[in-house]
Amino acid sequence: IIADAPENEDIVIKVADEGGGIPRSQIDKIWSYLFTTAEKHIQDGFIGKESSQDHTSDSPLAGLGYGLPISRSYARYFGGDLDILSMEGFGTDAFVYLVRLGDSPEPCAV
């Protein structure tokens, strides 16, 4: 958590890695479902794999192209947002903005 003072409008959580970053030419694509920057061997080891179990311990945490779009949708649903800042060759910072409790009504029909 990098910003949570009582006078701040949002609580901001930063998640950073040094995994090589995302090329600028691909940054707009990361919000599209099924787009992935995962290497082919990661995808081949999971997608299309025959298994008798629905949930196994060998499934990857990355590579399917759903995590970022769904995470941003949840953040926006609750009045926040998700931003990505990436530096190719170094890493990526993700900023999750969450509205303080009580500042915004939940956007669902009543």
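Only heavy atoms go into these numbers, but all of them, side chains included; no hydrogens, no water, no symmetry mates. If you read the sequence from its start, that first residue is 1, and numbering goes on from there.
One distance of note links CD of Glu18 with CG of Asp93; it measures 9.0 Å at 0.5 Å rounding. A distance of 9.5 Å separates CZ in Arg72 from CD1 in Ile84, rounded to the nearest 0.5 Å. Note that the OG1 atom of Thr36 and the CD1 atom of Ile30 stand 11.5 Å from one another [nearest 0.5 Å]. A distance of 12.0 Å separates OH in Tyr97 from CZ in Arg76, rounded to the nearest 0.5 Å. Atom OG of Ser25 and atom CD of Glu88 lie 7.0 Å apart (nearest 0.5 Å).
With sequence neighbours left out, Asp17 forms a side-chain hydrogen bond (donor to acceptor under 3.5 Å, both in side chains) with no residue at all.
Judged purely by atom type and a 3.5 angstrom limit, Ser86 uses its side chain to pair as donor or acceptor with the backbone of Ile22. With hydrogens and angles disregarded, no donor-acceptor distance shorter than 3.5 Å links the side chain of Arg100 to the backbone of Ile11.
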>> Determine whether Gln26 and Phe35 satisfy the following criterion, side-chain contact (heavy atoms from CB on, under 4.5 Å), listing intermediate values before the conclusion.
In response: CA-CA 9 Å; Gln26 295 184 347; Phe35 175 76; 3.8 Å; yes

>> side-chain contact (heavy atoms from CB on, under 4.5 Å) for Leu98 and Ile13? Distances and angles first, verdict last.
In response: CA-CA 8 Å; Leu98 302 172; Ile13 301 169; 4.0 Å; yes

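Residues Leu68 and Trp31 have side chains in contact (heavy-atom distance under 4.5 Å, counting atoms from C-beta outward). Between Asp81 and Phe95 the shortest side-chain heavy-atom distance does not fall below 4.5 Å.
Shortest non-hydrogen contact noted between Leu82 and Ala75 is N-CB, 4.3 Å.
Placement of Leu85 and Ile2 within a single hydrophobic cluster is found when ILVMFWY residues are connected by side-chain heavy-atom separations under 4.5 Å, directly or transitively.
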